[in-house]
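Here's the structure we're looking at; comments come further down.
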Amino acid sequence: MNNQSKEEKYGLLEVELRGLISRKDALISSLSNFTAAVQSHFGFLWTGFYLVEGKELVLGPFQGPIACTKIAFDRGVCGKSWSNKKTFVVQDVHQFPDHIACSSDSNSEIVVPLINQDGKVLAVLDIDSIHLNCFDGTDKKCLEKIIKWFVSEVY
Ligand code: SME
């Protein structure tokens with residue numbers, strides 16, 4: 001099973017999430033299970049949500065090492081994903097001028113915004129890897145698809 005393509009792995013993740021996540025559950029429960037499912041499928045360094053609260057992002061449910069608790073609007077990769085309302089794929093976090101280093105083991109990351117039907121950013125999904133160049137257009141495409149469904153299901 002180790003030679004599955006990334007797309008196949010994301011497909012299996014989506015099947016599991018669709019079975020697991022329900023609007024009947026509390027939002028915090030769904031966010032928590034989402035991060036656990038990503039980790040069990042991919043084993044990244046860190047997978048978590050930062051939630052928009054006023055003018056900052058606050059740390060939400062996550063799996064992985066301890067992380068910074070607040071990120072200001074437009075700061076770091078997460079803040080930029082919020083302000084630009086788009087996914088950021090960072091091949092080498094050490095080359096990203098405003099990267100906020102929570103773990104020295106992180107080398108690349110992807111941040112996907114959760115945007116509602118009114119175009120408002122509700123949260124961002126942040127995934128960090130110990131490997132350089134871990135994420136590419138396939139991760140972006142697959143995660144954006146999953147997140148679009150997730151937002152419609154839980155918010
Ligand atoms: N990667 C983030 C900071 C959060 S930690 O990596 C968990 C950023 O620069 O926005």
Side-chain angles (χ1 to χ4, degrees), residues 5-14 17 21 27-28 30-155:
S5 71
K6 254 188 198 182
E7 263 156 331
E8 287 168 331
K9 287 177 82 175
Y10 278 112
L12 291 174
L13 170 65
E14 186 171 346
L17 286 170
I21 304 289
L27 176 61
I28 195 163
S30 297
L31 293 167
S32 302
N33 269 338
F34 188 110
T35 64
V38 172
Q39 286 304 81
S40 70
H41 281 260
F42 287 90
F44 295 122
L45 173 66
W46 197 93
T47 298
F49 290 98
Y50 278 92
L51 312 177
V52 172
E53 279 193 14
K55 294 187 167 123
E56 57 191 12
L57 293 168
V58 300
L59 181 62
F62 70 94
Q63 302 259 318
I66 55 170
C68 55
T69 54
K70 292 179 179 178
I71 298 175
F73 183 72
D74 204 38
R75 295 302 313 277
V77 185
C78 292
K80 295 258 179 317
S81 175
W82 176 16
S83 61
N84 288 272
K85 298 186 177 185
K86 69 177 188 77
T87 298
F88 275 68
V89 177
V90 181
Q91 306 294 356
D92 179 354
V93 296
H94 311 290
Q95 304 300 320
F96 192 92
D98 196 27
H99 175 250
I100 299 164
C102 292
S103 166
S104 56
D105 293 332
S106 173
N107 281 306
S108 64
E109 70 175 86
I110 183 167
V111 180
V112 183
L114 280 64
I115 303 175
N116 71 8
Q117 284 187 331
D118 301 330
K120 188 172 177 290
V121 178
L122 307 166
V124 299
L125 170 68
D126 179 1
I127 304 179
D128 298 345
S129 171
I130 59 169
H131 305 291
L132 290 166
N133 309 309
C134 181
F135 306 102
D136 58 21
T138 301
D139 300 272
K140 177 178 183 294
K141 184 185 75 180
C142 296
L143 285 169
E144 285 179 346
K145 176 171 179 268
I146 291 172
I147 284 294
K148 191 173 176 193
W149 160 77
F150 183 68
V151 170
S152 72
E153 186 63 31
V154 303
Y155 279 95

- Check whether any side-chain heavy atom of Val90 lies under 4.5 Å from a side-chain heavy atom of His99, and answer yes or no. no

- Item | Residue pair Ile100 / Cys68, side-chain heavy-atom distance below 4.5 Å | yes

- Item | Atom CD1 of Ile28: over 12 foreign heavy atoms under 6.0 Å | no

- Looking at side-chain heavy atoms only, is the closest gap between Val154 and Phe34 below 4.5 Å? no

- Query: Mind checking what makes side-chain hydrogen bond (donor to acceptor under 3.5 Å, both in side chains) contact with Thr35, not counting sequence neighbours?
  - Reply: none

- Note on the structure: Heavy-atom nearest pair, Lys9 first then His41, reads CE-O, 3.6 Å

- Message: Between Asp136 and Val89, is there a side-chain heavy-atom distance shorter than 4.5 Å?
- Response: no

- Message: Using every non-hydrogen atom in the two residues, find where Ile71 and Gly79 come nearest and quote the distance to one decimal.
- Response: CG2-N, 4.2 Å

- Message: Using every non-hydrogen atom in the two residues, find where Val52 and Ala123 come nearest and quote the distance to one decimal.
- Response: CG2-N, 3.9 Å

- Hey, what do you get for OG (Ser108) to CG (Asp128), rounding to the nearest 0.5 Å? 8.0 Å

- Just wondering, do Ser30 and Phe150 contact through their side chains at under 4.5 Å, heavy atoms? yes

- Message: Tell me whether Lys70 at atom NZ has more than 12 heavy atoms from other residues, nucleotides or ligands lying less than 6.0 Å away.
- Response: no

- Note on the structure: When rounded to the nearest 0.5 Å, the distance separating CZ of Phe42 from SG of Cys134 is 9.0 Å

- Contact list for residues 127-147, test ring-ring contact (aromatic ring centres under 6.0 Å, His included), sequence neighbours left out: Phe44-Phe135

- About how many Å separate CG of Asp139 and OG of Ser129, when rounded to the nearest 0.5 Å? 9.5 Å

- Message: Looking at every non-hydrogen atom in both residues, tell me the closest pair between Pro113 and Ile147 and how far apart they are.
- Response: O-CG2, 3.7 Å

- Query: Are any of the side-chain nitrogens in Glu144 or Lys140 under 4.0 Å away from the carboxylate oxygens of its partner?
  - Reply: yes

- Task: Please round to the nearest 0.5 Å and tell me the distance separating atom CD1 of Ile66 and atom OG of Ser103.
- Result: 9.0 Å

- Message: Using side-chain heavy atoms (C-beta onward) and a distance below 4.5 Å, is Cys78 in contact with Val111?
- Response: yes

- Query: Is a side-chain N or O of Ser81 found less than 3.5 angstrom from the main chain of Lys86, in a donor-acceptor match?
  - Reply: yes

- Message: Classify the ring geometry of Phe62 against Trp46: parallel below 30°, tilted from 30° to 60°, perpendicular beyond 60°.
- Response: parallel

- Query: Counting distance only, does the side-chain N/O of Lys85 pair as donor-acceptor with the main-chain N or O of Gly119 below 3.5 Å?
  - Reply: yes

- Message: Taking the side chain as everything from C-beta on, heavy atoms only, tell me whether Leu125 gets closer than 4.5 Å to Thr47.
- Response: yes

- For the residue pair Ala67 and Leu59, what are the closest heavy atoms and their distance? O-CD2, 3.8 Å

- From CG (Asp74) to CG (Asp98), nearest 0.5 Å: 7.5 Å

- Does the side chain of Asn116 reach to within under 4.5 Å of the side chain of Tyr155, using non-hydrogen atoms? no

